[in-house]
Each structure stands twice: as structure tokens, then as C-alpha cells.
Amino acid sequence: MPTYTDPRRDATEASEALRGLAHASRAMAHPADTYPILGELLAGVRSLRQSLDQLATAHLTHRRDAHDDSGDQTIGASEALAAADDLHQAGTMLDSVGKRLDAAMTHSGRIAWRPAHTVAGQDQIEQRWISVVFLQGDEADQILDLVDRDGPEAAIEHLKGFDYGEETTDAALLNGYVYDTPPAGALDCEAIEGDYLLLYNHQLGHVSLLRRYTSETVEEESTALAPDPLGSIGTSQPHTGTTATWSRDRGAVREPETDWFAPARPSAAWPAEWGLGR
């Protein structure tokens, strides 16, 4: 985890994270993951650009303390100035990298990835993601604290309590909370465990758990789906009388009812047919 106070330790963390990404991205089983990855890399490039400028400034600010191995301050100061110049040039080159990444992300965001179908005459198989629960406000803060304390796996295990199997699947299909690709924002963090995907964002204060869903009757189910929330904001609403509000990126949002929550069966206050505790 980043310290936000120890630049040397955070640099080591960043290096290890990039090594991990280089290893994990050798085979992209889910091409839809490329879009959120590009978003994270774009944010990383911008942070790297800032870091290079700050390192250059450090060389300039402290150049009077710079010496070579023989103790010559003049040579040390000269090397500090040269290092600062190279760092500034490297930062300028990253501006071009950021523009290219931004353009690539725009193109990638226009792609609707579709899993390959089976041989003609056989059932078609399509993989989607269904929303299990989306939290914001105080409820999300509790989960974000759990992520920081025990890791995203612990948060996934906790939020699994909101998944009631077929009941959750039926409610997601009925309300249109089904996605061809995970509805991740550019700055969302992701963690996958089995068929579950956790999306969380400390800056915006929201947490979402999704479950992988494989359909073998695509045509039949697609007619029952509500319009895609991302493309029909304001045209579709959750069931009347629920405690949900509408969100552009997540569909239904359950407003906090208590300071803390525990995975439990929906209370009498929630309509039985909605059934998610959303």
C-alpha cells in the first residue's frame, strides 16, 4: 500500500506493481479489461510526470550539497544540473505518452467486446456481469476501511453475503443491472476472486460487487432486460417505493439506512421482489 509520505518506499511499490502488471497482462483472458487498465495507466503516467518534475526540482534545490566522490562540489553541482535537465526532458516526453494513451483509451471505450459464440446449431454462450450490491456514503466508507485494513479479498468475502444466488440474478435481469463489461470508472480499483469482481474508489467513496454470469439463452434473456443504464439515464427507474436512487454508472444505489450493515436477508422494508438489499 502507498505511504503518501515516503517517496523511496512508494517508488519501490510502484515498480513492483508495474512488474506485476507486466506479468499479469501477458495473456488477457478478458479483453474488456483493457479499458480500465488503460485508465489506470493514464493516471499513472500523469503521476509519473509530476514525480519527474519534483525530482528535477530536488536536484536543483539541493545542488549546493552535491559533491563527486572526491568531494568536489563544483562537479557535483554540475551533475545535479544535468540530472535536472534530463528529468525535465523525460517529463516532456511523457506528455506525448499521455496523449497517446488518452487517444487509445477513447478508441478502446468504443469497443463492445463480445465473447466468441459456439458452433452454429449449438446453444450460444455469452459472459456478462451482474450487480450484486453497490454502496456509497457511510456504508462504502466501512468497506473501504476494510479494504485498507484486511485487503480487497476480505471485502469481497463480506459483500458475498448480499448475493442470494438465483434471486440476485433474477433481480439483476429484471432491473437491467447486467453489463457486457464491468462498469468500472477510470480511477476505480479492481480485485477479482473467483467469479466476483470488486470495484472500489476511495476518492469518490463508492464500492460495488459484481458476479460473473454466463447465459446460454442470449436471445431469450436479452428481450427481458431493461434498457442499459449507461445509455438511458432517467428513462428507467427501480421499483416504486424502494430506497433506491438512480446513478449513471451503477443503476440502483441503496441509500444508507444505518451506520453499519451486516449481510442479511432483506428486511420487510425492502420489497420481496426486489430482493437485493440494494
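Just so we're clear, the structure is a prediction, and the values are computed from it rather than from any experiment.
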Handout entry: Value rounded to 0.5 Å, distance of CG in Leu41 from CG in Leu21
Key = 5.5 Å

Completion exercise
Nearest heavy-atom contact between His88 and Ala56 is NE2-CB, 3.6 Å

Handout entry: More than 12 heavy atoms of other groups within 6.0 Å of Glu16 CD
Key = yes

Problem - Note: Arg8-Glu13 ion pair, threshold 4.0 Å (strictly below) - result: no

Practice task
Taking the side chain as every heavy atom from C-beta outward, state whether Leu48 and Leu94 have any pair of such atoms under 4.5 Å apart.
Solution key: yes

Handout entry: CD-CG distance between Glu193 and Leu197, expressed to the nearest 0.5 angstrom
Key = 11.5 Å

Exercise for the section: Output, in order, the C-alpha distance, side-chain angles, deciding distance and verdict of side chain to side chain contact (heavy atoms under 4.5 Å, CB included) for Tyr213 and Leu173. Expected result: CA-CA 11 Å; Tyr213 169 65; Leu173 292 172; 4.0 Å; yes

Handout entry: Beyond-backbone contact of Val97 with Arg49, side-chain heavy atoms, under 4.5 angstrom
Key = no

Handout entry: Side-chain donor or acceptor of Thr169 paired with backbone N/O of Gly165 under 3.5 Å
Key = yes

Practice task
For Arg9, check salt bridge (Lys or Arg N to Asp or Glu O under 4.0 Å) against everything at least two apart and list the hits.
Solution key: none

Handout entry: Validation row: Leu159, Tyr196 side chains within 4.5 angstrom (heavy atoms)
Key = no

Practice task
Check step by step if side chain to side chain contact (heavy atoms under 4.5 Å, CB included) holds for Tyr179 and Arg128.
Solution key: CA-CA 6 Å; Tyr179 309 93; Arg128 294 173 174 175; over 6 Å; no

Practice task
State, yes or no, whether a side-chain contact exists between His158 and Ile143 at a heavy-atom distance under 4.5 Å.
Solution key: yes

Problem - Closest heavy-atom pair and its distance - Arg64, His67 - result: O-CE1, 4.1 Å

Fill in the blank from the handout: Rounded to the nearest 0.5 Å, the CG atom of Asn201 sits from the CD atom of Gln136 at a distance of 12.0 Å

Practice task
Could you check if a side-chain atom of Trp129 sits within less than 4.5 angstrom of a side-chain atom of Val178, using non-hydrogen atoms only?
Solution key: no

Handout entry: Set of residues satisfying salt bridge (Lys or Arg N to Asp or Glu O under 4.0 Å) with respect to Asp102, sequence neighbours excluded
Key = none

Problem - Under 3.5 Å donor-acceptor, Asp68 side chain and Asp72 backbone - result: yes

Handout entry: Exercise: do Gln89 and Asp85 side chains pair donor with acceptor under 3.5 Å
Key = yes

Practice task
Side-chain contact test, heavy atoms from C-beta onward, threshold under 4.5 Å: evaluate it for Asp33 versus Thr181 and give yes or no.
Solution key: no

Handout entry: Leu210 reachable from Ile192 in the ILVMFWY side-chain graph, under 4.5 Å edges
Key = yes

Handout entry: Short side-chain to backbone donor-acceptor contact, Asn175 and Ala171, under 3.5 Å
Key = yes

Exercise for the section: Check Ala172 against Ile130 and note the closest heavy-atom contact, atom names and distance. Expected result: CB-CB, 3.9 Å

Handout entry: Minimum side-chain heavy-atom gap His202-Asp148 below 4.5 Å
Key = yes

Practice task
State whether the number of non-hydrogen atoms from other residues, nucleotides or ligands found under 6.0 Å of Arg149 atom CZ is greater than 12.
Solution key: yes

Practice task
Check salt bridge (Lys or Arg N to Asp or Glu O under 4.0 Å) between Arg211 and all other residues, then give those that pass, not counting sequence neighbours.
Solution key: Asp163

Exercise for the section: Quick one: closest heavy-atom pair of Ala66 and Gly76, and the distance? Expected result: CB-O, 3.3 Å

Exercise for the section: Answer yes if the ring centres of His206 and Phe134 are under 6.0 angstrom apart, and no otherwise. Expected result: yes

Exercise for the section: Give, for atom OH of Tyr200 and atom CD of Glu190, the distance between the pair rounded to the nearest 0.5 Å. Expected result: 9.5 Å

Problem - From CD (Gln54) to NE2 (His59), nearest 0.5 Å - result: 13.5 Å

Problem - Taking every non-hydrogen atom, the tightest pair across Leu38 and Ser108 - result: CD1-CB, 3.9 Å

Exercise for the section: May I ask you to decide if Thr74's main-chain N or O and Ser78's side chain share a donor-acceptor pair within less than 3.5 Å? Expected result: no

Completion exercise
Smallest heavy-atom separation, Leu42 atom then Gly98 atom, equals CD1-O, 3.5 Å

Handout entry: Under 3.5 Å donor-acceptor, Gln73 side chain and Arg63 backbone
Key = yes

Problem - Test item: Thr34 side-chain N/O and Pro31 main-chain N/O as donor-acceptor pair under 3.5 Å - result: yes

Exercise for the section: Measure the spacing between CG of Leu87 and OG1 of Thr92 and express it to the nearest 0.5 Å. Expected result: 11.0 Å

Practice task
Flag the pair Val147 / Leu198 as yes when at least one side-chain heavy-atom distance between them is below 4.5 Å, and no otherwise.
Solution key: yes

Practice task
Mind running side chain to side chain contact (heavy atoms under 4.5 Å, CB included) on Leu101 and Val45 for me, showing each step along the way?
Solution key: CA-CA 9 Å; Leu101 271 176; Val45 167; 3.5 Å; yes

